[in-house]
S.K.: 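One structure follows; several queries about it will come next.
Convention: sequence-line order gives letters A, B, ...; per-chain numbering from 1.
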Protein chains: 2
Amino acid sequence: MSNVNDHLDKLMQELRRGTLTIGVLSQLSEPQYGYSLVTMLGDKGIHVEPGTLYPLLRRLEKQGLLDSKWDTNESRPRKYYLLSKTGKEVYCLLVGEWMGIVDSLNHVIQQKGEEENGAD
Amino acid sequence: MSNVNDHLDKLMQELRRGTLTIGVLSQLSEPQYGYSLVTMLGDKGIHVEPGTLYPLLRRLEKQGLLDSKWDTNESRPRKYYLLSKTGKEVYCLLVGEWMGIVDSLNHVIQQKGEEENGAD
DNA sequence: TACAATAGTGTGCGACATACACTATAATGA
DNA sequence: TCATTATAGTGTATGTCGCACACTATTGTA
């Protein structure tokens, strides 16, 4: 009910937007399946729920950034995803864009940011 | 349609999400009106259209992060926005979250990035 | 009159979260 | 052995909401 904490949550969620894509692409230089990605990313501080990740994977595949193949040899069939050639290029460009955003944001943040700062 | 460049654009746009809010909040330690913000931010590398900024300002005000007052003394009436007390707190928390995101993203990005070379 | 400055609104899109359903294997107990 | 349950793993439907974009409205000024 219009709580500040509530708004903060929304804001933070918005802030995270798009970053998950980079996170996923970054892990797919070698084939991974959905569940392993959830584990890997969670291990690196990027928590994502399966119900969020799977649609993202399919979206990226549909856009041609990922290739996928089913592995039915193992006990459970798993769908492995891998960066396509296009995906690699897009990933690089995306990282570049990300760096740019970080840069400009850091500029405006640092204008006022040394008054109460807990940087260690 | 379905061009790679097209997808890239979308991805980048998503990446920018939420960052505009930080940009705006960062400038409102002192009162600014919409049009001046467009100029200021654009000057700092954050391009935003009035039609994007105004709804954002009103949203943030409705959420209690901004205070506003009309200045009708000048030739044209201008609506000045300023960080509220809550806004300052949220801004700090948001910056903290931002730092965290930047940090984890940097980790996963740096994992790979030496194998591929100029994609052109 | 025309244009720039300034503010506002409406609509559509799309990623994400959430909840849910489904399958197959493994483990457990009767 | 067979039913039941847990869990690993994948897939889908829906709702929310911020943002981009294209509008409109007003006013001051050249």
S.K.: Less than 4.5 Å apart, any side-chain heavy atom of B:Ser26 and any of B:Tyr91?
M.R.: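 B:Ser26 reaches B:Tyr91 side chain to side chain.
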S.K.: Rounded to the nearest Å, what distance is computed from the CG atom of residue B:Asp9 to the P atom of nucleotide D:dC19?
M.R.: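 Going from B:Asp9 (CG) to D:dC19 (P), I get 17 Å.
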S.K.: Are A:Leu28 and A:Leu37 packed together at the side-chain level, in the sense that at least one heavy-atom pair is separated by less than 4.5 angstrom?
M.R.: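 Yes, at least one pair of side-chain atoms sits under 4.5 Å.
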S.K.: Once you round it to whole Å, what is the distance between C1' of D:dG18 and CG of B:Leu65?
M.R.: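 It works out to 14 Å between those atoms.
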S.K.: Atom CH2 of B:Trp70 and atom P of C:dA7: how far apart are they, to the nearest Å?
M.R.: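 Checked: the CH2 to P distance equals 6 Å.
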S.K.: Can you tell me if B:Arg76 touches the phosphate of C:dA5, counting only side-chain N or O atoms and a distance under 4.0 Å to OP1 or OP2?
M.R.: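 So the side-chain polar atoms of B:Arg76 never come under 4.0 Å of the phosphate oxygens OP1 or OP2 of C:dA5.
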S.K.: At under 4.0 Å between heavy atoms, what does B:Tyr81 touch on the DNA or RNA strands: base, sugar-phosphate, or nothing?
M.R.: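 If one applies the 4.0 Å heavy-atom cut-off, B:Tyr81 turns out to touch the sugar-phosphate alone, with no base involved.
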S.K.: Please table the atom pairs, donor to acceptor, closer than 3.5 Å between any side-chain atom in residues 9-16 of chain B and protein atoms at least two apart or in another chain.
M.R.:
from: B:Glu14; atom 1: OE1; to: A:Arg17; atom 2: NH1; distance (Å): 3.4
from: B:Arg16; atom 1: NH1; to: A:Glu97; atom 2: OE2; distance (Å): 3.0
from: B:Arg16; atom 1: NH2; to: A:Glu97; atom 2: OE2; distance (Å): 2.5

S.K.: Starting at CG of B:Leu53 and ending at P of C:dG8, how long is that distance when rounded to a whole Å?
M.R.: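 Whole-Å distance recorded here is 10 Å.
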S.K.: Would you please confirm or rule out a distance under 4.0 Å between OP1 or OP2 of D:dG11 and any side-chain N or O of A:Tyr54?
M.R.: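 For D:dG11, OP1/OP2 do not have a side-chain N/O of A:Tyr54 under 4.0 Å.
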S.K.: Rounded to the nearest angstrom, tell me the gap between atom OH in B:Tyr33 and atom C1' in D:dT26.
M.R.: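 Distance check: B:Tyr33 OH to D:dT26 C1' gives 16 Å.
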S.K.: Whole-Å distance between D:dT27 P and B:Lys79 NZ?
M.R.: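 In whole Å, D:dT27 P lies 16 Å from B:Lys79 NZ.
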S.K.: Report yes or no: do A:Val95 and A:Val24 belong to one cluster of Ile/Leu/Val/Met/Phe/Trp/Tyr joined by side chain heavy-atom distances under 4.5 Å?
M.R.: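 Yes, because A:Val95 and A:Val24 connect within a single hydrophobic cluster, where side-chain heavy atoms sit under 4.5 Å apart.
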S.K.: Is a donor on one side and an acceptor on the other found under 3.5 Å between the side chain of A:Ser68 and the backbone of A:Lys79?
M.R.: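 No.
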S.K.: Send over the distance from A:Asp6 CG to D:dC17 C1', rounded to a whole Å.
M.R.: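 It works out to 12 Å between those atoms.
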S.K.: Can you tell me the distance, in whole Å, between the CG atom of B:Leu57 and the P atom of C:dT6?
M.R.: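 Rounded to whole Å, this separation is 14 Å.
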S.K.: Just jot down the ring-ring contact (aromatic ring centres under 6.0 Å, His included) partners of A:Tyr80, sequence neighbours excluded, or say none.
M.R.: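 Applying ring-ring contact (aromatic ring centres under 6.0 Å, His included) to A:Tyr80 gives A:Tyr33.
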S.K.: How does protein contact run along nucleotides 12-22 of chain C, one letter per nucleotide 5' to 3', with B for base contact, S for sugar-phosphate only, - for none, heavy atoms under 4.0 Å?
M.R.: --BBSBBB---
S.K.: Does any non-hydrogen side-chain atom of A:His7 lie less than 4.5 Å from one of B:Val90?
M.R.: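 B:Val90 does not reach A:His7 side chain to side chain.
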